[in-house]
Peer 1: 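Okay, here's the structure, questions in a sec.
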Amino acid sequence: IGASPDLEPVLDKAAFIELQNIVPMIPAPETTAARAVSLARMSRPDADSAPEFVREYVRWGAGPRASQYLILGAKSRAALQGRYCATDEDVDAVASAVLRHRILLNFNAQAESVEPDDVVKKLIEHVNKQADRHSLSRRLPEAFRKTSSDDQSKSSVTDLSDDKNDSNDAMNERRES
């Protein structure tokens with residue numbers, strides 16, 4: 001088969017233990033934690049949020065601990081890449097490793113050669129579509145979308161600046177009291 005590669009340690013025991021203690025302290029935004037929870041929850045065919053393909057192919061989905069390990073894996077990945085915060089992309093990157101053994105497929109999936117990694121990939125795509133739809137609902141306020149006439153846009157800007165002045169006045173009153 002060939003010669004074994006020469007292995008050299010890259011961490012000693014103390015450094016390894018230090019890293020084990022640091023990784024859980026890496027922050028993950030609430031949106032990233034929510035993504036992990038959504039991925040785990042949506043993998044359960046009896047969940048209200050489960051997409052149709054999960055209901056069709058999954059017999060048993062990931063439990064609540066899966067979301068905890070998605071976050072821990074995301075934090076570990078962030079640390080390995082020298083970043084100080086876990087992201088949605090980190091959750092997606094570790095999703096297959098965390099979820100594949102937690103998702104049990106049914107006969108339909110086996111008959112169609114669907115693998116757990118296929119389900120995880122589709123779950124990530126599904127969550128991304130939901131996130132896109134959600135971000136569309138957070139469009140700019142109507143005042144910023146009016147561009148048909150200069151008068152409308154000027155009045156919108158004036159309205160917004162008046163609101164800002166009202167907010168500043170209220171803050172100044174609080175400071176003075």
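These numbers come from the heavy atoms of this one structure, side chains and all, not from hydrogens, waters or symmetry mates.
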Peer 1: Using a 4.5 Å cut-off on heavy atoms from C-beta on, say whether the side chain of F53 contacts that of V119.
Peer 2: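 Result yes, sub-4.5 Å side-chain heavy-atom pair found.
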
Peer 1: Do side-chain atoms of D88 reach the backbone of R35 as a donor and acceptor pair under 3.5 angstrom?
Peer 2: no

Peer 1: Would a 4.5 Å heavy-atom cut-off, applied to side chains only, mark L39 and V91 as touching?
Peer 2: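 In contact.
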
Peer 1: Between I103 and L105, is any pair of side-chain heavy atoms under 4.5 Å apart?
Peer 2: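 In short, these two side chains touch, coming nearer than 4.5 Å.
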
Peer 1: Find the distance between OH (Y84) and CD1 (I22) and round it off to the nearest 0.5 Å.
Peer 2: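 Reported to 0.5 Å precision, the distance equals 10.5 Å.
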
Peer 1: Look at the side chain of N108 and the backbone N and O of Y57, then say whether any donor-acceptor pair between them is shorter than 3.5 Å.
Peer 2: no

Peer 1: Does atom CG (N21) have a neighbourhood of more than 12 heavy atoms from anything else shown, all under 6.0 Å?
Peer 2: yes

Peer 1: For the side chain of N106 and the backbone of A109, is there at least one donor-acceptor N/O pair under 3.5 Å apart?
Peer 2: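 At least one qualifying donor-acceptor pair exists.
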
Peer 1: Between E125 and N128, is there a side-chain heavy-atom distance shorter than 4.5 Å?
Peer 2: no

Peer 1: Count the heavy atoms of every other residue, nucleotide or ligand shown that sit under 6.0 Å from CZ of R65, and state whether that count exceeds 12.
Peer 2: no

Peer 1: Any chain of hydrophobic side-chain contacts (each under 4.5 Å) joining V10 to F16?
Peer 2: yes

Peer 1: Let me confirm one number: the CG-OG distance from L123 to S38, rounded to the nearest 0.5 Å.
Peer 2: 10.0 Å

Peer 1: Taking the side chain as every heavy atom from C-beta outward, state whether Y69 and V94 have any pair of such atoms under 4.5 Å apart.
Peer 2: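 No - every pair of side-chain heavy atoms lies 4.5 Å or more apart.
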
Peer 1: Transitively linked via ILVMFWY side-chain contacts under 4.5 Å: L72 with V37?
Peer 2: no

Peer 1: Taking all heavy atoms of R100 and all of A97, pick out the closest pair and write down the distance.
Peer 2: NH1-CA, 3.8 Å

Peer 1: Are the side chain of K75 and the backbone of A86 linked by a donor-acceptor contact shorter than 3.5 Å?
Peer 2: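 No, the answer is negative, given that no donor and acceptor are paired below the 3.5 Å cut-off.
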
Peer 1: Does R41 reach the main-chain N or O of S49 with its side chain, forming a donor-acceptor pair under 3.5 Å?
Peer 2: no

Peer 1: Within the supplied structure, the quantity of interest is the number of heavy atoms (other residues, nucleotides, ligands) at a distance under 6.0 Å from E18 CD; does it exceed 12?
Peer 2: no

Peer 1: Salt-bridge test for D90 and R83: reply yes if a basic N is under 4.0 Å from a carboxylate O, no otherwise.
Peer 2: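 Answer for the salt bridge query: yes.
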
Peer 1: When you look at CD of E30, are more than 12 heavy atoms from neighbouring residues, nucleotides or ligands closer to it than 6.0 Å?
Peer 2: no

Peer 1: So, do R77 and Q81 sit near enough that their side-chain heavy atoms are less than 4.5 Å apart?
Peer 2: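 They are in side-chain contact.
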
Peer 1: Has T32 got a side-chain atom pairing as donor or acceptor with A28's backbone, closer than 3.5 angstrom?
Peer 2: no

Peer 1: Supply the atom-to-atom distance K122 NZ to H126 NE2, rounded to the nearest 0.5 angstrom.
Peer 2: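 Between atom NZ of K122 and atom NE2 of H126 there are 10.5 Å.
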
Peer 1: Is there a path from I26 to L70 through hydrophobic residues (I, L, V, M, F, W, Y) whose side chains come within less than 4.5 Å of each other?
Peer 2: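 Shared cluster, no.
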
Peer 1: Can you find a heavy atom in the side chain of V54 that is under 4.5 Å from one in the side chain of M42?
Peer 2: no

Peer 1: V58, F107: one ILVMFWY side-chain cluster at the under-4.5 Å cut-off?
Peer 2: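 Result: no, two separate clusters.
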
Peer 1: Give the minimum heavy-atom separation between P45 and G61, together with the two atoms involved.
Peer 2: CD-N, 3.9 Å

Peer 1: Kindly say whether A62 contributes a backbone atom to a donor-acceptor pair with the side chain of R44 at under 3.5 angstrom?
Peer 2: yes

